[in-house]
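When a ligand or atom number is given, it counts from 1 through the structure's own listing order. These numbers were taken from a predicted model, which means no experiment stands behind them.
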Amino acid sequence: MSRPKWLPSWLFYDAAGSRLFDQITRIPEYYVTRTERAILTAHAAEIISQAAAGAALRLVELGAGSAEKTRLLLAAAVERQDTVFYEPVDVSASALIEAQMRIEEEIPGVLVCPRVLDYTKELELDPTLQSERRLVLYIGSSIGNFEPGEAQLLLENVRAALDPGDCLVLGVDLVKDESILLAAYDDAAGVTAEFNRNILVRLNRELDADFDIGSFAHRAVWNATNSRMEMHLASRTKQKVWLPALDLRVNFGAGETIHTENSYKYRPGQAEAMLATAGFAPEETWVDEQGWFAVCLARAK
Ligand code: AVJ
């Protein structure tokens, strides 16, 4: 058993966890979603026309569609061309089908071509037409869940799937006052705490484990050295947990923690430097007035 104990953060997103995250995006303390949405609302037309640079765009999104934020960019693209191909890439076929139905119904002119792929492992896209350019969307600060080295590799894989002249829009959360970060990851209504503990609910259901959910406390910590928000679950007591599906008994000391998530926060210019290293030319970065979130447009060299 590794110490400190940890669980991978992709485990959060079962059906209940995805619903809880959706709720998080609407709580007042969680500035991330609404700040990025405000940037995209203000600049969608500009982002699309700059990426297109005279050609027709085909949009790829890593993840099954970040709801209204993706819609803003698709709507801006439909304004410029009759038909927009939209390729959401996700491991979950059901999430892709849901995104397809939602988007084709809401934005006439968008043709959804779902791709069931794990973009962290492989990203193979069909060739585009001569007259087209690809625009990959990787928004929502999803890159923040990756260690810096993994994030760099991910950008390199995206670059390798593109042709010169294609573009990437990357949304990254920026370093800000610790008090704002702590509130965003430990909201007063306790939704983030429930999201964090849901990982144990899932282990109970899927591995037949016997975690006493209430005996684990939600902790949000700002790790300044590594520039990341961390989430942990702290055992309130000394206890044993049994995971029959793994034939595993796990002991917890009082106060012992499970590390469940890292959410990296970038410094201004850092995302652009990583994009440049990955073989992109960063063209433009849009930041909100408070300097909390950055949306970077970069072109494959
Ligand atoms: C979906 C990874 C962008 O890191 O802010 C929200 C997940 N964790 N509250 C983030 C999350 C706690 C979120 N991302």
From CA spacing to verdict: ring-ring contact (aromatic ring centres under 6.0 Å, His included), F12, F195 = CA-CA 7 Å; F12 285 130; F195 174 73; 4.5 Å; yes
F216/F211 under ring-ring contact (aromatic ring centres under 6.0 Å, His included): CA gap, chis, key distance, verdict = CA-CA 9 Å; F216 285 85; F211 280 98; 5.7 Å; yes
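Side-chain contact check for T35 and D288: no donor-acceptor pair (N or O, by modelled atom type) lies under 3.5 Å. Side chain to side chain, Y30 and T25 fail the donor-acceptor criterion of an N or O pair below 3.5 Å.
Legend: side-chain hydrogen bond (donor to acceptor under 3.5 Å, both in side chains) pairs involving residues 159-183, not counting sequence neighbours, sorted by first then second residue: Y31-D173, Y31-K176, D173-K176, D173-K265.
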For ligand 1, what N or O to protein N or O distances fall under 3.5 Å?
residue: ligand 1; atom: 4 (O); partner: S263; partner atom: OG; Å: 2.6
residue: ligand 1; atom: 5 (O); partner: Y30; partner atom: OH; Å: 2.5
residue: ligand 1; atom: 5 (O); partner: Y185; partner atom: OH; Å: 2.5
residue: ligand 1; atom: 8 (N); partner: E261; partner atom: OE1; Å: 2.7
residue: ligand 1; atom: 8 (N); partner: E261; partner atom: OE2; Å: 3.3

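Within 6.0 Å of atom CD in E194, 12 or fewer heavy atoms from other residues, nucleotides or ligands are found, so the atom counts as exposed in its surroundings.
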